[in-house]
> 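Next up is a structure, given as structure tokens.
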Amino acid sequence: MRLLLTSDTHLPKRARELPAELLAQAREADAVIHAGDWVDVAALDLLEAHSRRVIGVYGNNDGPDLRARLPEVARAELGGLRFGVVHETGAAQGRERRCAERFPDLDVLVFGHSHIPWDTTAPGGLRLLNPGSPTDRRRQPYCTYMTAVAQDGRLSEVRLHRLPPRR
């Protein structure tokens with residue numbers, strides 16, 4: 001199962017549109033996971049139109065229209081793995097322990113908010129992934145997103161993709 005992981009798209013405030021590369025990946029993926037801060041419901045509609053399946057949550061910058069359509073925490077079984085999606089996980093220090101305690105029933109937790117890519121494994125085996133942002137790099141050198149493969153209860157081919165600078 002091919003997965004596209006993204007977060008913090010912040011449309012139209014940080015960018016006018018989603019990058020073409022991200023939409024192309026969405027069309028190829030079996031599932032798109034978005035960890036919140038869409039900002040505009042049109043971004044959700046666009047990803048849903050370009051994807052087989054969207055698993056998303058709302059973030060702290062998402063208003064009532066998005067909160068009416070999306071949960072704060074989403075869960076899904078993909079490729080034999082138990083995935084969770086949440087926007088905020090708190091400070092980086094102690095994140096693995098906090099998330100392992102909060103989500104003891106998950107194999108993988110995808111989160112957003114910081115715009116900083118993250119890939120670690122907590123004691124006990126919970127994999128934590130933050131794809132960064134495809135539209136707002138903040139203090140990072142590049143805008144980013146992730147792809148991965150979930151199959152037979154294993155997560156493989158986890159890859160952070162750097163997007164070219166916008167013109």
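Bear in mind that the values here come from a model prediction, so they are computed numbers and not experimental data.
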> Any heavy-atom pair between the side chains of Gln151 and Glu157 that's under 4.5 Å?
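No. Closest side-chain heavy atoms not under 4.5 Å.
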> State, yes or no, whether a side-chain contact exists between Pro19 and Thr135 at a heavy-atom distance under 4.5 Å.
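Side chain of Pro19 against side chain of Thr135, heavy atoms only: contact under 4.5 Å found.
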> Does any non-hydrogen side-chain atom of Ile33 lie less than 4.5 Å from one of Leu4?
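They are not in contact (no side-chain heavy atoms under 4.5 Å apart), so the answer is no.
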> Before you tell me yes or no, could you show the steps for Tyr58 and Arg67 under side-chain contact (heavy atoms from CB on, under 4.5 Å), namely the whole-Å CA-CA distance, both residues' side-chain angles and the distance that decides it to 0.1 Å?
CA-CA 6 Å; Tyr58 66 78; Arg67 289 171 186 249; 3.2 Å; yes
> So Pro117 and Gln140, do their side chains get closer than 4.5 Å, heavy atoms only?
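Yes, at least one pair of side-chain atoms sits under 4.5 Å.
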> Consider only side-chain heavy atoms of I, L, V, M, F, W and Y, link residues closer than 4.5 Å, and tell whether Met1 and Val108 are in one cluster.
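As far as the 4.5 Å side-chain criterion goes, Val108 and Met1 are connected within one cluster.
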> So, taking the atom named CG in Leu5 and the one named NE2 in His161, what distance separates them when rounded to the nearest 0.5 Å?
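Reported to 0.5 Å precision, the distance equals 9.5 Å.
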> Please report the C-alpha distance between Arg75 and Asp105 in whole Å, then the side-chain angles of each, then the deciding distance to 0.1 Å, and finally whether the side-chain contact (heavy atoms from CB on, under 4.5 Å) criterion is met.
CA-CA 10 Å; Arg75 295 170 185 267; Asp105 58 329; 2.8 Å; yes
> Identify the residue among Thr89, Asn61, Asn60, Asp37 that makes a side-chain hydrogen bond (donor to acceptor under 3.5 Å, both in side chains) with His113.
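For His113, the side-chain hydrogen bond (donor to acceptor under 3.5 Å, both in side chains) test succeeds with only one of Thr89, Asn61, Asn60, Asp37, which is Asn60.
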> Hey, which of Leu46, Leu11, Leu44 is the one that makes side chain to side chain contact (heavy atoms under 4.5 Å, CB included) with Trp38?
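Only one option passes, and that is Leu44.
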> For the atom pair CG (Asp40) and OG1 (Thr9), what is the distance rounded to the nearest 0.5 Å?
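Going from CG on Asp40 over to OG1 on Thr9, the span is 9.0 Å.
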> Are there over 12 heavy-atom neighbours, none belonging to Glu17, within less than 6.0 Å of that residue's CD?
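No, the 6.0 Å shell around CD holds no more than 12 heavy atoms from other groups.
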> Does this structure show an ion pair linking Asp45 with Arg69, if we count only N-O contacts that are shorter than 4.0 Å?
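The answer is yes: the pair qualifies as a salt bridge.
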> For Leu78 and Arg53, which heavy atoms make the closest approach, and how far apart are they?
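It is CD2-NH1, 3.4 Å.
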> So which atom in Ala148 and which in Val158 form the shortest heavy-atom distance, rounded to 0.1 Å?
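For Ala148 and Val158, the tightest heavy-atom pair comes out as CB-CG2, 3.9 Å.
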> Please determine if Arg138 and Asp8 form a salt bridge, counting it only when a charged side-chain N lies under 4.0 Å from a carboxylate O.
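Salt bridge flag = no for Asp8 with Arg138.
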> Compare all side-chain heavy atoms of Val32 with those of Leu47 and state whether any distance is below 4.5 angstrom.
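The answer is yes, as the side chains (C-beta and beyond) meet within the 4.5 Å cut-off.
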> Using 4.0 Å as the upper bound for N to carboxylate O, is an ion pair formed by Arg52 and Glu28?
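Salt bridge between Glu28 and Arg52, a charged N being under 4.0 Å from a carboxylate O: no.
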> When rounded to the nearest 0.5 angstrom, what distance separates CZ in Arg102 from CZ in Arg97?
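If I round to the nearest 0.5 Å, the distance is 13.5 Å.
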> How close do Leu81 and Ala150 get, counting heavy atoms only, and between which atoms?
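Result for this residue pair: CD1-CB, 4.1 Å.
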> Consider only side-chain N and O atoms of His34 and His87, and report whether a donor and an acceptor are under 3.5 Å apart.
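The answer is no; no qualifying pair exists.
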> Check for me, please, whether Val41 and Val85 land in the same ILVMFWY cluster - side-chain distances under 4.5 Å, paths through other members count.
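No, because Val41 and Val85 fall into different hydrophobic clusters, even though each may have its own neighbours under 4.5 Å.
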> My understanding is that a hydrophobic cluster links ILVMFWY residues whose side chain heavy atoms are under 4.5 Å apart, including indirect links. Using that, what else belongs to the cluster containing Leu106?
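So far as hydrophobic clustering goes, Leu106 is joined with Val73, Val86, Phe103, Leu109, Phe111, Trp118, Leu126, Leu128.
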> How long is the gap from CG on Leu3 to CE on Met146, to the nearest 0.5 Å?
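Taking CG in Leu3 and CE in Met146, the distance rounds to 12.0 Å.
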> Would you say Arg27 has more than 12 foreign heavy atoms packed within less than 6.0 Å of its CZ?
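It does: Arg27 CZ has more than 12 such atoms within range.
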> Would you say the side chain of Glu72 lies within less than 4.5 Å of the side chain of Val57, judging by non-hydrogen atoms?
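Result no, sub-4.5 Å side-chain heavy-atom pair not found.
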> Can you tell me if Asp136 uses its side chain to pair, donor with acceptor, with the backbone of Ser133 under 3.5 Å?
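Not at all, since once roles are kept as given, no pair shorter than 3.5 Å links the two residues.
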> So do Leu163 and Tyr145 actually touch side chain to side chain, heavy atoms under 4.5 Å?
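Tyr145 vs Leu163: side chains touch.
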> Taking all non-hydrogen atoms of both residues into account, name the closest pair between Ala26 and Ser51 and its distance.
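The pair with the smallest heavy-atom distance is CB-OG, 3.7 Å.
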> Between Ser7 and Asn130, do the side chains contain an N or O donor and an N or O acceptor separated by less than 3.5 Å?
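On atom types as modelled, these side chains do not qualify, holding no pair under 3.5 Å.
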> Nearest heavy-atom pair of Ile55 and Ala31: which atoms, and what distance?
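Of all heavy-atom pairs spanning Ile55 and Ala31, the closest is CD1-CB, 4.4 Å.
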> To the nearest 0.5 Å, how far apart are CZ in Arg127 and SG in Cys99?
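Arg127 atom CZ to Cys99 atom SG measures 14.5 Å (nearest 0.5 Å).
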> What are the two closest non-hydrogen atoms of Arg98 and Gly90, and how far apart are they?
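Looks like NH2-C, 3.3 Å.
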> Rounded to the nearest 0.5 Å, what's the gap from CG on Leu155 to CG on Leu129? Could you check?
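Reported value, rounded in 0.5 Å steps: 6.5 Å.
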> Going by heavy atoms in the side chains, are Glu96 and Thr121 under 4.5 Å from each other?
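No - every pair of side-chain heavy atoms lies 4.5 Å or more apart.
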